[in-house]
Amino acid sequence: MARSTADGALRDRSRWLRARWALLTTGAGRDRGMSTAEYAVGTIAACAFAALLFKVVTSPEVQQMISGLINRALTVAG
């Protein structure tokens with residue numbers, strides 16, 4: 001009797017795993033990641049953000065602030 005229950009549980013588990021695997025490998029859940037167009041848009045957005053960040057970091061105000069921070073750190077450390 002106990003063996004019958006164990007066999008049934010094993011079959012149920014096996015059936016569940018097959019159904020779960022089928023769900024993960026087929027259908028709408030399979031469409032993961034970015035397509036070529038999405039990569040292009042993401043790349044353009046990243047380049048625009050990099051250009052903006054470069055512009056901000058190379059501005060005289062930010063360079064002066066960074067230089068002051070480095071000088072203060074070296075003064076405290078020395």
Side-chain angles (χ1 to χ4, degrees):
M1 189 84 174
R3 184 177 181 137
S4 171
T5 304
D7 289 342
L10 184 61
R11 275 193 304 273
D12 288 344
R13 177 77 175 157
S14 178
R15 195 174 298 131
W16 180 84
L17 286 172
R18 279 194 305 272
R20 181 76 176 143
W21 181 253
L23 180 66
L24 290 173
T25 58
T26 60
R30 191 168 179 218
D31 186 23
R32 295 187 180 144
M34 292 195 304
S35 68
T36 304
E38 290 167 331
Y39 274 116
V41 171
T43 301
I44 290 170
C47 289
F49 181 71
L52 177 67
L53 187 61
F54 178 77
K55 194 73 168 168
V56 167
V57 170
T58 57
S59 69
E61 296 86 8
V62 174
Q63 284 185 345
Q64 183 180 6
M65 188 172 54
I66 291 173
S67 295
L69 181 66
I70 291 172
N71 287 334
R72 189 171 39 181
L74 291 175
T75 304
V76 170

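None of the values given here were measured: they were computed from a predicted structure.
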Can you list, pair by pair, the side-chain donor-acceptor contacts under 3.5 Å of residues 42-58, counting residues two or more places apart and other chains?
residue: Thr43; atom: OG1; partner: Tyr39; partner atom: O; Å: 2.7
residue: Thr58; atom: OG1; partner: Phe54; partner atom: O; Å: 2.7
residue: Thr58; atom: OG1; partner: Lys55; partner atom: O; Å: 3.4

Table please: side-chain donor-acceptor pairs of residues 60-69 below 3.5 Å, with sequence neighbours left out.
residue: Ser67; atom: OG; partner: Gln63; partner atom: O; Å: 3.0

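Not counting sequence neighbours, the partners of Arg15 by the salt bridge (Lys or Arg N to Asp or Glu O under 4.0 Å) test are Asp12. A search for side-chain contact (heavy atoms from CB on, under 4.5 Å) contacts involving Trp16 returns Arg13, Arg20, not counting sequence neighbours. Residues meeting the side-chain hydrogen bond (donor to acceptor under 3.5 Å, both in side chains) test with Arg11, sequence neighbours left out: none.
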